[in-house]
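What follows is a set of notes on a single structure, which appears directly below.
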Amino acid sequence: MLEIKDLHVSVGEREILKGLTLSVKAGEVAAIMGPNGTGKSTLSYVISGREGYEATQGEVRLNGENILDLDPAERAAKGIFLAFQYPVEIPGVATMTFLKAAMNAQRRARGEEELATPDFMKRVKDASAQLGVSQEMLRRPLNAGFSGGEKKRMEILQMALLQPRLAILDETDSGLDIDALRVVADGVNALRAPERAFVVITHYQRLLEYIRPDTVHVMAQGRIMRSGGPELALELEERGYQDYIAQEAA
Amino acid sequence: MVKLASEAEAAFSSFYEEMKTKGATGLRSAAWDAFSSKGLPNRRVESWHYTDIKAAMSKPAPLAIGRAGVETARTHDSIRLVVLDGIFRPDLSNLSALPEGVKVQSVRDALAQGTPGVMALIASADVQTDDALLSLNAALMQDGVILRVGGGVTVEQPIELASITSSDEAQSSFTRSLVIMGKDARATVIETAGALSAASIQDNQALIVRLAQGASLNLFSHATGQSEALVRVMSLVAHLDERATLSAYSLIEGAGLLRRQIFARLDGERARVAFNGATLARGRSHADTTLIVDHAKPNGESRERFRNILDDTSVGVFQGKIIVRPGAQKTDGVMQSKTVLISDSATMNNKPELEIFADDVQCGHGATCGRLDKDQLFYLTARGIPRKEAESLLIEGFAIEAFDGLENEALRNFVSERVTKWMSGRTA
C-alpha cells in the first residue's frame, strides 16, 4: 500500500530524512520507533503533504501512485489520514461543521454523493459513543479547551468517520493516561481491516501493548535502521536506542 | 465670519444656508461654528490621521432630496423605520407595528417645533467630542428618527433603523437619529446603512443613544455599499446612566471609504458597554473604526472586541481610546483588535490608547495583525478540506468570534451568512 524509496526531505536548509525506505502492506500495522529528534514527525508530515517539508529525492507511493505532487486535501481524499501529535485548536470553527465539511469534501473529491444531515448525524453519534466523545465536546469549537486526552479521542473519532486507507498515528500515546490510552487503542483496533494500513509512530513500547504491530521499524538518523517483528519492540524497551544513537555518533 | 478655503467647505456652507431655514437655528449655528472654525480634518488631526476625509470629501455632491417609488428589500424580521436618501419615510415604515410604550417622531418635525428639551437630546452635548464630522452632521442634519422606549417597557421584536441611499445621481446626505430609553427599558435596535445604487454618495449619519438608569439596549449595526465612490461616516454617540447597559455588535462590509466612530460616555455607576464587531474589506476600500469610551463614574465596565479581515489593497483602521476619569474607580476595561490580512497588499493601522486618571482600575488592550495560521490551515486540509474552503472556514470562524455573546440567533445567522457570502466573492 505504502512504498517509500530513498526519501530525502529537507526542512529549510536542514536535511531531516536521509534516504528513508519503508514498505507497508494493506492490512498491516507498522510501528516506527526511534529516539526523539530523528525525523519521525517529519515522515508523517511529508506523507500527508505539509507545506515546508520538501522531498529533494526519492518517492512516496500510495497503491502505486506517486503522491508527492498532491496537496494535503487531495492526499486525504485518496485515503491518507494523519492523527496529529498536537491537534490544533480552532476556536472559531464548530466541531460538527468541521466534521461535515471534511467528510463531504472527501466524498466530493471521490465523486460520491454528499452525506445528508441525518445520515451524518447518525454516523457521528455512533462513532462518538464508541470513543467516549461526549455531545458536549461535539458542541464546542474544534479542539478548543479540550484536554490532551480529549484531543486524541477527537483525532480517532475523525479517523473512524473518514475511514482512511492509510492512517498515520503520530505519538498518539503522548500525554495519555492508561484509561485514555485504552479507549484510543480500542478505537484503532476496531478499524483494523485487511484493506487498511496503519503506521504507528511512537517513542515508547507501551502503546504497542494495546495496538499490536505486525512489523516494527527502528528509525534513527533520518533512516530506517532495522526492521523486524513485534519482538523488536521488546528488545528496544530493554536496551533503549543506545545502539542506534552510538551509530549516529560514529 | 471665517473664510472657507476649499470647494468642499464652500458647498457645505451653501447647505448650511439652506438647512438653517428648517428650524433649530441655535443648535445648527453652534454646530456650524464648531465645524467651520476647523474645517474638514486633514491628516494632521490626530483622530483622522489614518483616514484622509478631507481628500475623500473634496467635492460634495448636492444635498439629497427624498424620492418616491423606491422599493427596499427587507433583510431582518423587525419593525422597520426607513430613512431614504436623507428623509424619514413613514410610508415605507411599519409604524402600526410599534408596541405600547414606544414612540416615533421624525427629526425634521422635531427641529421645526424646536422644543428645548428635544433640542438638547438631539444636540447631545453632554457627550463631549470635538469631532468636525459630527459637528457638520448637527449643522446640516436633514432628518432622522426619534425612537423613544418608555420607562419599564420591554420591546421583544427588534426595531430597525434602516438608512438607505437610492439615488443614481451623486448626492450628500446628513441624518441624525435618536434612541431614547427610559428607566429599565429594554430593546434591540438594528441599525442598517445600505446603498441601492453605485452612485457617488457622501453620507454622514449619526445615531444618538441615551440610556436612563438600568436601561438595556442591544444594538446591531450593519453597513454595506456597492461603490468605490461611497464615502460614509457613521457616528454613534452614547450616553449611559447608572446601571445602563449597551451591547453593540457591528458588521461592516467595506465599500469605498467608511468611518464608523463611537463616542460613549459612562455617566453613571456600574454602567456597562460592549462594542464588538467584524470588518470585511476588499478591493480598494477603506474601513475605519474609531472609538472613545469615557468612564466618568466608578464601577463601570467596557469591552471592545473587533475582528478585521482585509483582502486585496484594502486598508483597515482601528483606533480605540479608553478614558478613565478621576474618581472612576474600579473601572474594568478590555479592548482587543485582531486582524487577518488575506492579501500581501492589504494594510491595517491599529492604535489602542488608554488615558487613566484613577488609580484603582483594570484596563487592558491588545492588537494583533497577521495571516491565517498555517498550522490550522494544514490541519483542515489534511482532513480533505480544499485550501480555499479551509481558508473560508477559518475566516468565518475568526469573524464570528466577535459575535460571541450576541444572543439574537437570527442576527448570528445573518452574520454567518453575510461572511460566507463575502468569502465566496473572493477573486484571488
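Here is how names work: the chains are called A, B, and so on, in the same order as the sequence lines, proteins then strands, and each is numbered from 1. Source: prediction; values computed, not measured.
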A:Leu142 versus chain B, heavy atoms under 4.5 Å apart: side chain, backbone, both or neither? side chain
Would you call A:Ile90 and B:Leu380 a side-chain contact if the rule is heavy atoms closer than 4.5 Å? yes
Does atom OH of A:Tyr86 have more than 12 heavy-atom neighbours, drawn from other residues, nucleotides or ligands, at distances under 6.0 Å? no
Is the CD atom of B:Gln362 crowded by more than 12 outside heavy atoms at less than 6.0 Å? no
Nearest 0.5 Å please: distance from the CZ atom of B:Arg383 over to the CD atom of A:Gln158. 4.5 Å
Compare every heavy atom of A:Thr97 with every heavy atom of B:Leu393, then report the nearest pair and how far apart it is. CD2-CG2, 4.0 Å
Give a yes or no on whether B:Arg186 atom CZ has more than 12 heavy-atom contacts from other residues, nucleotides or ligands under 6.0 Å away. no
Any chance CD of A:Glu51 has more than 12 other-residue heavy atoms, nucleotides or ligands included, within less than 6.0 Å? no
More than 12 non-hydrogen atoms from neighbouring residues, nucleotides or ligands closer than 6.0 Å to CZ on A:Arg14, yes or no? no
A:Pro87 portion near chain B, given a 4.5 angstrom heavy-atom threshold: both
Which region of A:Ala101, side chain (C-beta onward) or backbone (N, CA, C, O), has a non-hydrogen atom less than 4.5 Å from a non-hydrogen atom of chain B, or is it both or neither? both
As an exercise: rank A:Pro72, A:Ala105, A:Ala76 by heavy-atom pairs under 4.5 Å with chain B and give me the winner. A:Pro72
Let me know if B:Glu396 has heavy atoms under 4.5 Å from chain A in its side chain, its backbone, both or neither. neither
pair B:Thr381-A:Arg50: side-chain heavy atoms closer than 4.5 Å: no
Rounded to the nearest 0.5 angstrom, the CD-OH distance for A:Glu89 and B:Tyr379 is 10.5 Å
B:Phe378 to A:Gly49 - nearest heavy-atom pair and separation: CE1-C, 4.0 Å
Neighbourhood of chain A inside residues 398-409 of chain B, taking heavy atoms under 4.5 Å as contact: B:Glu401
Is it true that B:Arg387 and A:Glu74 have a side-chain N and a carboxylate O under 4.0 angstrom from each other? no
Test item: A:Phe98 and B:Ile385 side chains (from C-beta on) under 4.5 Å apart, heavy atoms: yes
Is A:Arg165 atom CZ crowded by more than 12 heavy atoms from other residues, nucleotides or ligands, each under 6.0 Å away? no
Step through the shown structure and confirm whether more than 12 heavy atoms of other residues, nucleotides or ligands are within 6.0 Å of NZ on A:Lys100. yes
A quick test of your reading: do over 12 heavy atoms of other residues, nucleotides or ligands sit less than 6.0 Å from CZ of B:Arg272? no
